[in-house]
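We name chains A, B, ... by the order of the sequence lines, and we start the count at 1 in each one.
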Amino acid sequence: MSKTNGTTQVTNVERARAEGLEKGPVLTPAVDVFENDDQVLLLADLPGVAPDGLNVEFDKDLLKIEARRPWRTPDGEAITITYRRAFNVSPQIDAERVSANLDNGVLRVELPKHAAVRRRRIPIQG
Amino acid sequence: MFFRFEDFGDAFQLLDEFRREANRLYETGGLTRGQAASRWSGLRLEDKGNAFVLTADLPGVNAADVDVTLENQTLTLTAERKTPTPEGYAVHRQERAPFRFSRSFSLPTRVDAEKVRASIDDGVLTLTLEKSPESRPRKITVTKA
């Protein structure tokens with residue numbers, strides 16, 4: 001708990017600082033989060049984001065998504081729209097197997113559960 | 001049992017909710033999810049001199065789900081996206097709105113119907129409509145009488 005709080009504070013400060021200095025708006029992308037027995041599935045709308053403008057990080061139980069989109073204002077000024085969102089995820093995710101791909105402006109992150117915590121059907125004997 | 005899967009940081013979570021709601025109201029003009037579906041507005045139409053350029057945010061929409069028609073000077077854009085729950089999954093959050101809309105634009109000048117280009121890249125539709133030669137801006141040289 002204390003470890004999580006420590007991380008939270010530092011990251012929030014960085015985040016607030018970053019938001020103050022960046023030129024251009026910071027938007028919160030819409031996401032869908034689904035779960036089945038094997039994994040958690042996250043989908044996020046990131047229109048106009050190219051694969052090299054996307055950063056997805058998974059550290060312990062924190063999933064961070066940050067994406068940059070080049071944008072031109074009606075005045076012709078070049079700015080960057082930042083899409084940013086972070087989630088606390090249950091620590092039972094197998095970090096080694098987390099995968100992400102970006103297709104047609106939609107980010108798809110698959111977070112497989114550790115084999116030990118997956119739901120299993122117990123055969124009844126007798 | 002559901003996994004914990006929450007927006008990160010309590011204070012910022014509230015701020016995020018507020019911001020998302022503000023974005024939504026801005027994008028939908030205060031309509032609810034169902035109403036907004038028919039009035040999607042992530043669109044811009046620009047006059048670039050020799051051409052009109054229309055861009056629309058359509059994340060997750062395939063080329064097959066977009067229909068563009070041009071009749072005289074009226075451009076009609078129709079698009080649909082569905083955001084179904086994948087089979088066998090439970091839902092934690094569902095914010096990505098489905099939509100289906102059709103919008104028409106009256107272009108102020110004639111465009112060359114043969115040279116309309118449309119493409120979807122990274123979830124953004126770009127339509128380039130070249131103006132007819134007689135509608136393009138022309139530079140008039142002023143001479144001394």
(message) Show, in sequence, the C-alpha distance, side-chain angles and deciding distance for Ile120(B) and Asn62(B), and conclude whether the side chain to side chain contact (heavy atoms under 4.5 Å, CB included) test is met.
(response) CA-CA 8 Å; Ile120(B) 287 198; Asn62(B) 299 312; over 6 Å; no
(request) Verify salt bridge (Lys or Arg N to Asp or Glu O under 4.0 Å) between Glu130(B) and Arg136(B), making sure each step is shown before the conclusion. (result) CA-CA 9 Å; Glu130(B) 280 190 34; Arg136(B) 291 183 191 173; 3.2 Å; yes
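Both the backbone and the side chain of Val31(A) come within less than 4.5 Å of a heavy atom in chain B. If you measure heavy-atom distances from Thr85(B) to chain A, the contacts under 4.5 Å come from both the backbone and the side chain. Interface remark: Leu46(A) contributes backbone atoms only to the contact with chain B (heavy atom separation under 4.5 Å).
Ser104(B) and Thr76(B) share a side-chain donor-acceptor pair at under 3.5 Å.
Considering only heavy-atom pairs separated by less than 4.5 Å from chain B, the leading option among Ala50(A), Pro47(A), Gly48(A), Gly105(A) is Pro47(A). Most heavy-atom pairs under 4.5 Å with chain B, from the set Asp45(A), Asp37(A), Val49(A): that is Asp45(A).
In summary, Arg68(A) and Glu66(A) engage in a salt bridge, as defined by a charged side-chain N under 4.0 Å from a carboxylate O. One finds no salt bridge joining Arg93(B) and Glu35(A) here, because no Lys/Arg side-chain nitrogen approaches an Asp/Glu carboxylate oxygen to under 4.0 Å.
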